[in-house]
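This report refers to the structure that appears directly beneath it.
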Amino acid sequence: MTVLIANNVSSALAASITAAATSMVVTDGSRFPVLTPGQYFYATIIATNGVVEIVKIVTRTGNAMSITRAQDGTNAQAFPSGARVEMRINAASVREIVSDQSIPLEARVTTAENDITSLEGRMTAAEGDIVVLETFDTTLASSAGSNSVGFLQAGTGATNRTVQAKLRDTVSVKDFGAVGDGVADDTTKIQAALNSGAGTVYFPEGTYPVSSALTLPSNITLTGDGVGNTKLTVVGTGVNNILYAVNRQNIKISDIWFYGNSQSSGSGNGLAIFFYQNSSATEIGGNFRIENCRFENFKGDYWVYVVNDNTTFNIANIYVNNNSFKSFPGNARNGATTAVPSTCVSVQGSTSGAEVTDVFVTNNSADCEHIKSFLLIWQGAHRVLAQGNSVFNVGLGAGISNDAGSYAFMAYDSSGLNVPYDIVIDGNLIDGVRSCGFYGAASKDIIISNNRFYNQTDTVGTTLPKGGIVLNSCYNIQIVGNEFASIATNGVHWQPGTALGVSANIIVSGNTFRDNAIGVKFLSYLFDSNGLNINGNTFIDCTFGVQVQTISNTVQISGLSVVGNHIVSTVAASYGISIRSDDGFFKVSNAKISGNYVKTAGYGIYWRGTGPTTVSDNTFTGPFTTRALDVATATNLSITGNSFFGQTSGGECLYTTGSQGSMRENSFENCATANLIVVSGVTDMGRVVPTWTPTGRGPFVQNIVAVEAGAASSKYVLSGWYYDGTAWFQMRNLTGN
């Protein structure tokens, strides 16, 4: 057994003990020695009245101790809580220490001599280590020092690297001498950082003037301290781009403010960022991300420009997210013609088959007052999503002319060889635009949904139609859930433009049109149209709710559906639904106008066409100043189940002079007799016996002005006329009077 001693060790009883207790607890046991098997120590317990007892401690666990009482000539006593407990030198401990040290002196001397020899060897080794450490310290202080220190990332599968390799993952442009003071030209210094091979190039807070394009490698991230802190600005009057990448992949740019000098001499210069893939590319390009950046004051036609001219390899995965764009006076290179665009973002393939795919332009904000577009989607662009963007004042600045092509969004192909397709324009705000909120030409498979189109201004249609959405030779289009307010021309305008050879499949559904000149306009000009659907929309205070028009005697519209719309307007002489021709040939067939609610100031439904056409189950609420339903000269008609209310003044419920077809089950409530039908002559369908000859067994024609007639006890109402294949016969219903 070995006795332990220690200096200045004391505590106090945490609880009182009796004279028979074999354990005690002190307030701080950590001050006492840690005991291993075969070790012990003595402690002296001192009461406040001077009573003393020496105890032997054989085990200690934290503050608890096992004790042997009445040691070294003392007596077991009871002690209160708070009594001092100290390690003191006593006679027993001295005797036992001397006993423990009774090793023969010769052995101890021998051990000391061996220790001295060992110490001399260790000192020699230490002197060598000092030399090595001095050399290592010199190495660490050099530029290569970090290459001598290892690094292991936390996580399963991590591999050993040097600190130097780890630190070189990211470099600062200031590592290469860039100043960032807004005065010194930092172009060459930044280019050196870009050429360093680092995966990330960091731009600390500052303004970095550049005077020529910075070329980007693949597999690099450029990041700054945020758009309010890190700024790249073009200096001088040159037309250089800021960033340029040819045949590259995997580039991310974030948290940088790009500021131009409003200089450009052509479509490929004066840009902020230009990604280009040419015929020399040997692999798919792309995976470009531009996020949380600001762009201002560029005159180049495309501020962020992605172009692919390689027909073998696509550019894929373009992300332009959470950025802001702001134009200034003079930023449009030519504001007087559609031939020269100026836009924030543009993606473009080629007419020969080069493609740009999987493009995501989301949650950006753009003030485009002094340029003409926000997003241009050219030939060869496929699978494009534009979502959650806020676009303001497109082309409304003094430097932009009417009829010069100011479009918030555009999808366009002039060749028909590589049309844009699979495009989604969703959840965007377009507030203020000169020409069009969205313009599509020769594009297909487009969904335009849940957008807000406000305040379109241009009414000059010399070059192209204007409106919230204008589609020229586009097909497979869904326009759903949008809002169009204060549109100077057409909320939605569609025309075939070329011979499609397939159903246009145009669906306009669930939209709201408020204060538009024309809510929806379908125009067949030069080419036939079919598969046109205007269903379930709301039209409020539009001059025309729906207008369908043909031009040219060889052109026709077929497969037209205008169903379930709600059309109200207090605008003078307004039309609910107008289907007409500008050349007198009226070629509209297989049309269904059904289930609409119409309450407009001038005409409810105005129809001129050859049919077959169904006008059914519509509700007309007057009074209309002209007519509720005007189908004069229309042929192959079916007018069924419509309800007319409140036509007590103004025009008539029906104008059917020269019309041919069937008419049945229409109802009139609170309508004056004089306002039921236009009285013109013997061809007024529904007022007099029909005069035309149907083919085969003919239709039934309701008598709109039916009154009771005949002698007493055999009176009848002439409810209408039917054709039995040879002649028209009256349909009389006895009244019982």
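When reading the values below, keep in mind they use all heavy atoms of this one structure, side chains included, and skip hydrogens, waters and symmetry mates.
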Problem set entry | S616 side chain to T640 backbone, donor-acceptor under 3.5 Å | no
Exercise. Any donor-acceptor pair under 3.5 Å linking the side chain of S558 with the backbone of N590?
Worked result: no
Exercise. With distance as the sole test, does N703 use its side chain to make a donor-acceptor pair with the main-chain N or O of L718 at under 3.5 Å?
Worked result: yes
Exercise. Do I448 and V480 have side-chain heavy atoms sitting under 4.5 Å apart?
Worked result: no
Problem set entry | Passing candidate, ring pair (Phe, Tyr, Trp, His ring centres under 6.0 Å) with F544, options F539, Y575, F513 | Y575
Exercise. Going by heavy atoms in the side chains, are I704 and M663 under 4.5 Å from each other?
Worked result: yes
Exercise. Given side chains that start at C-beta, do those of N511 and I479 come closer than 4.5 Å, heavy atoms only?
Worked result: yes
Exercise. Are the side chains of Y597 and T621 in touch, meaning some heavy atoms are under 4.5 Å apart?
Worked result: yes
Exercise. Any chance the side chains of T656 and D684 put a donor and an acceptor closer than 3.5 Å?
Worked result: no
Problem set entry | Test item: N451 side-chain N/O and N482 main-chain N/O as donor-acceptor pair under 3.5 Å | no
Problem set entry | Distance, nearest 0.5 Å, that separates OG1 of T735 from CZ of R732 | 12.0 Å
For this session: Report yes or no: does N565 contribute a side-chain atom to a donor-acceptor pair with the main-chain N or O of I567 at less than 3.5 Å?
Result: no
Exercise. Is T691 reaching over with its side chain to a backbone N or O of T683, donor-acceptor style, under 3.5 angstrom?
Worked result: no
Exercise. Under 3.5 Å, is there a donor-acceptor pair linking the side chains of S719 and N733?
Worked result: yes
Exercise. Is the ring centre of F700 less than 6.0 Å from the ring centre of Y722?
Worked result: no
Exercise. Without hydrogens or angle criteria, can the side chains of S509 and N533 be said to hold a donor-acceptor pair below 3.5 Å?
Worked result: no
For this session: Using a 4.5 Å cut-off on heavy atoms from C-beta on, say whether the side chain of L654 contacts that of V678.
Result: no
Problem set entry | Among T457, N455, V433, the one residue meeting side-chain contact (heavy atoms from CB on, under 4.5 Å) with L396 | T457
Exercise. Got T570 and D541 here, is their nearest side-chain heavy-atom distance under 4.5 Å?
Worked result: yes
Exercise. Looking just at side-chain N and O atoms, do Q387 and D426 make a donor-acceptor pair shorter than 3.5 Å?
Worked result: yes
For this session: Side-chain contact test, heavy atoms from C-beta onward, threshold under 4.5 Å: evaluate it for Q495 versus L471 and give yes or no.
Result: no
Exercise. Backbone N or O of W692 within a donor-acceptor pair of the W728 side chain at under 3.5 Å?
Worked result: yes
Exercise. Is it true that a side-chain atom of K466 and a backbone atom of V460 form a donor plus acceptor pair closer than 3.5 Å?
Worked result: yes
Problem set entry | Pairwise side-chain contact, F522 with I534, heavy-atom cut-off 4.5 Å (strictly under) | yes
Exercise. Would R452 and E483 satisfy salt bridge (charged side-chain N to carboxylate O under 4.0 Å, His left out), going step by step from the backbone distance to the final call?
Worked result: CA-CA 5 Å; R452 291 169 290 165; E483 181 181 358; 5.8 Å; no
Problem set entry | Aromatic centroids of Y439 and F409 separated by under 6.0 Å | no
Exercise. Do the side chain of N537 and the main chain of T512 share a donor and acceptor less than 3.5 angstrom apart?
Worked result: no
For this session: Tell me whether the guanidinium CZ or amine NZ of R627 lies under 6.0 angstrom from the six-membered ring centre of Y655 and within 45° of its axis.
Result: yes
Exercise. Do side-chain atoms of W494 reach the backbone of C474 as a donor and acceptor pair under 3.5 angstrom?
Worked result: yes
For this session: Answer yes or no on whether K444 is positioned over the face of Y421, meaning its NZ or CZ is under 6.0 Å from the six-membered ring centre and within 45° of the axis.
Result: yes
Seminar exercise, completed: Sorted by chain and number, sequence neighbours left out, ring pair (Phe, Tyr, Trp, His ring centres under 6.0 Å) with Y454 holds for none
